[in-house]
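Take a look at the structure below.
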Amino acid sequence: MQNNRFYSLNDFLRERHGEKILKLSIDGGFTCPNRDGKISTKGCLFCSERGSGDFTSYKKGDITAQLEAARLLLEPKWGKDRKYIAYFQAFTNTYDSLEVLKQKYEEALAFPGVIGLAIATRPDCLSEEIVTYLGKLSKRTHLWVELGLQTIHEDTALIINRGYSLSVFEEALTRLSNHHIETVVHLILGLPHETKDQMLASARYISKLPLQGIKLHMLHILDNAPLGQYYKAYPYELLSQEAYIELIGEILKILPPDFVIHRLTGDGARQHLIAPLWTIHKKHVLNSMNNYLKTHNIYQGMNYNL
């Protein structure tokens with residue numbers, strides 16, 4: 001564990017592959033049933049106009065070109081001939097025919113140095129046919145699926161226009177687990193009107209599931225997402241940096257010690273960020289978080305069985 005406090009993605013990948021592994025974020029050219037009218041045309045309240053793909057190299061759908069552009073951005077810091085996870089990040093990356101999915105995933109796997117895939121998607125876009133294919137794919141490459149749960153609370157899910165119930169998430173997770181597919185869940189902290197107790201309840205629920213990892217995000221209010229207008233119309237108190245760090249500490253305590261912590265805070269595109277502005281200083285936030293964990297002797301899983 002990093003500083004013996006939590007089990008980071010970096011530590012996990014080094015253990016599995018024996019070296020530093022980098023992620024290359026791409027936009028696979030997909031859309032989302034919460035945008036194309038199948039469920040809604042509004043999208044999730046917090047989701048930007050680029051479908052949370054604001055940090056991808058914007059050559060939408062051109063997998064190879066995006067991977068090359070992302071690789072070149074990392075090269076000055078990390079050098080050439082590295083190993084990579086191709087991260088299908090923007091929109092819903094299982095929302096197409098199986099034939100199209102195979103073509104896009106195989107193109108990414110053919111890129112030099114790519115040793116695995118990370119696929120972000122919605123639980124209502126994981127048919128048995130697709131999950132069966134992903135199960136086979138996971139046997140020949142390092143693959144994980146990321147599910148954007150965000151909250152377990154149905155009233156909050158309605159506010160953020162998530163578009164599916166908790167039971168849909170549970171059914172998708174069961175399918176993924178049955179095929180032994182590594183699965184990571186996203187949880188957003190600071191969603192409209194959620195209390196600390198509600199956020200901790202989501203974390204406790206997640207801690208008991210057959211998951212292998214978690215991404216924790218501070219909610220970013222962006223002017224290119226519907227949340228920007230919602231926040232202006234219905235302002236509510238946001239988490240301070242201190243409250244967020246304290247909450248992260250409480251969540252880490254109750255997560256299983258072998259859960260991979262993929263992220264402890266997120267990135268909001270600076271040019272679109274309305275609030276909270278303290279999230280701009282990510283390095284400072286992470287340093288403050290590590291100091292807090294050390295000062296309060298907090299480590300992942302310490303209260304998992306309580």
Side-chain angles (χ1 to χ4, degrees), residues 7 9 11-13 15-17 21 23-26 28-34 38-39 52 63 83-111 114-150 152 162-187 202-203 205-216 255-263:
Y7 188 28
L9 176 61
D11 290 340
F12 167 68
L13 291 174
E15 286 179 9
R16 176 153 177 170
H17 299 286
I21 305 296
K23 279 201 305 182
L24 304 178
S25 296
I26 51 178
F30 297 99
T31 182
C32 174
N34 213 11
K38 183 176 181 180
I39 295 174
S52 299
I63 306 299
K83 291 181 180 177
Y84 309 101
I85 298 289
Y87 180 26
F88 284 84
Q89 180 178 18
F91 298 102
T92 304
N93 293 280
T94 58
Y95 188 47
D96 213 318
S97 69
L98 184 58
E99 180 182 359
V100 170
L101 298 182
K102 287 180 178 180
Q103 183 273 317
K104 292 180 183 288
Y105 299 161
E106 293 296 343
E107 182 178 350
L109 286 171
F111 188 80
V114 168
I115 50 87
L117 302 177
I119 300 170
T121 191
R122 292 169 57 93
D124 54 357
C125 295
L126 283 166
S127 66
E128 184 60 39
E129 178 188 45
I130 289 173
V131 173
T132 298
Y133 163 67
L134 293 176
K136 294 176 181 177
L137 192 60
S138 70
K139 289 180 172 59
R140 64 181 180 90
T141 192
H142 186 183
L143 178 142
W144 71 79
V145 171
E146 299 188 7
L147 298 179
L149 175 62
Q150 322 307 358
I152 65 168
R162 190 178 65 188
Y164 65 84
S165 66
L166 186 60
S167 63
V168 172
F169 169 81
E170 292 171 340
E171 290 163 5
L173 181 57
T174 297
R175 284 194 291 274
L176 291 164
S177 181
N178 287 343
H179 286 272
H180 308 289
I181 296 170
E182 190 176 319
T183 306
V184 178
V185 67
H186 290 226
L187 184 66
S202 290
Y205 167 86
I206 287 168
S207 73
K208 305 303 181 184
L209 297 178
L211 291 157
Q212 288 70 50
I214 189 169
K215 275 189 172 179
L216 295 161
L255 292 177
D258 60 349
F259 250 36
V260 180
I261 308 301
H262 284 241
R263 176 173 286 173

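Nothing here was measured: the structure is a model prediction, and the numbers come from that model.
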- Item | Heavy-atom closest contact (Tyr164 atom, Gly148 atom, distance) | OH-O, 2.7 Å

- Message: Tell me whether the count of non-hydrogen atoms from other residues, nucleotides or ligands lying under 6.0 Å of NZ in Lys83 goes above 12.
- Response: no

- Is there a side-chain contact between Phe30 and Leu101 (heavy atoms, below 4.5 Å)? yes

- Message: With rounding to the nearest 0.5 angstrom, report the NZ to CD1 distance, Lys215 to Ile261.
- Response: 12.5 Å

- Message: Can you tell me how far apart OG (Ser97) and CD1 (Ile130) are? Round to the nearest 0.5 Å.
- Response: 8.5 Å

- Any donor and acceptor pair, going by atom type alone, linking the side chain of Thr121 with main-chain N or O of Thr92 inside 3.5 Å? no

- Nearest heavy atoms of Leu24 and Phe111, plus distance in Å: CD1-CE2, 4.4 Å

- Pro123 and Leu173, any side-chain heavy atoms less than 4.5 Å apart: no

- Message: How long is the straight-line distance from NZ of Lys102 back to CG of Asp96, given to the nearest 0.5 Å?
- Response: 13.5 Å

- Task: For residues Gln150 and Leu187, report the shortest heavy-atom separation together with the two atoms involved.
- Result: O-CD1, 3.1 Å

- Message: Is it the case that the side chain of Thr94 and the backbone of Cys125 share a donor-acceptor pair, with hydrogens and angles ignored and the cut-off at 3.5 Å?
- Response: yes

- Decide yes or no on side-chain contact (heavy atoms from CB on, under 4.5 Å) for Arg122 and Ile39, but give the supporting numbers first. CA-CA 12 Å; Arg122 292 169 57 93; Ile39 295 174; 3.5 Å; yes

- Message: Closer than 4.0 angstrom, basic N to acidic O: yes or no for Arg16 and Glu182?
- Response: yes

- Qualifying residues under ring pair (Phe, Tyr, Trp, His ring centres under 6.0 Å), relative to His142, sequence neighbours excluded: Phe12, His17, Trp144

- Message: Within a 6.0 Å radius of atom NZ on Lys136, are there more than 12 heavy atoms belonging to other residues, nucleotides or ligands?
- Response: no

- Message: Among Ile119, Leu137, Val145, which residue satisfies the side-chain contact (heavy atoms from CB on, under 4.5 Å) criterion with Ile181?
- Response: Val145

- Item | Main-chain N/O of Ile152 paired to Ser202 side chain as donor or acceptor, under 3.5 Å | yes

- Item | Nearest heavy-atom neighbours spanning Leu255 and Ala203 | CD2-O, 4.2 Å

- Looking at side-chain heavy atoms only, is the closest gap between Glu15 and Val260 below 4.5 Å? no

- OG of Ser25 to OH of Tyr87: how many Å apart, nearest 0.5 Å? 6.5 Å

- Flag for Glu99-Gln103: side-chain donor and acceptor within less than 3.5 Å: no

- Query: Leu211 versus Leu209: any side-chain heavy-atom pair under 4.5 Å?
  - Reply: yes

- Would you find a donor on one side and an acceptor on the other, under 3.5 Å apart, between the side chain of Arg175 and the backbone of Ser127? no

- Task: Indicate the atoms forming the closest heavy-atom contact of Tyr95 with Pro33, along with that distance.
- Result: CE2-N, 3.4 Å

- Query: With a 4.5 Å heavy-atom cut-off, do Val185 and Tyr205 have their side chains touching?
  - Reply: no

- Task: Would you please say whether a donor-acceptor pair under 3.5 Å links the side chains of Gln212 and His262?
- Result: no

- Across all chains, not counting sequence neighbours, the ring pair (Phe, Tyr, Trp, His ring centres under 6.0 Å) partners of Phe88 are Tyr105

- Euclidean distance, Leu149 CG relative to Ile206 CD1, rounded to 0.5 Å: 5.5 Å

- Taking the side chain as C-beta and beyond, is there a heavy-atom pair between Leu147 and Leu176 under 4.5 Å? yes

- CG (Leu143) and CD1 (Ile115) are apart, to the nearest 0.5 Å, by 11.0 Å

- Item | Whether Asn93 side chain and Ala90 backbone form a donor-acceptor pair below 3.5 Å | yes

- Hey, does the side chain of Arg263 reach the backbone of Leu9 with a donor-acceptor pair shorter than 3.5 angstrom? no

- Message: Donor-acceptor pair, distance only, cut-off 3.5 Å: does the side chain of Lys104 make one with the backbone of Gly28?
- Response: yes

- Query: Does a side-chain heavy-atom distance below 4.5 Å link Thr174 with Ser177?
  - Reply: no

- Task: Work out which heavy atom in Ala108 is nearest to a heavy atom in Leu117; give both atom names and the distance.
- Result: CB-CD2, 3.9 Å

- Any chance the side chains of Thr132 and Glu128 put a donor and an acceptor closer than 3.5 Å? yes

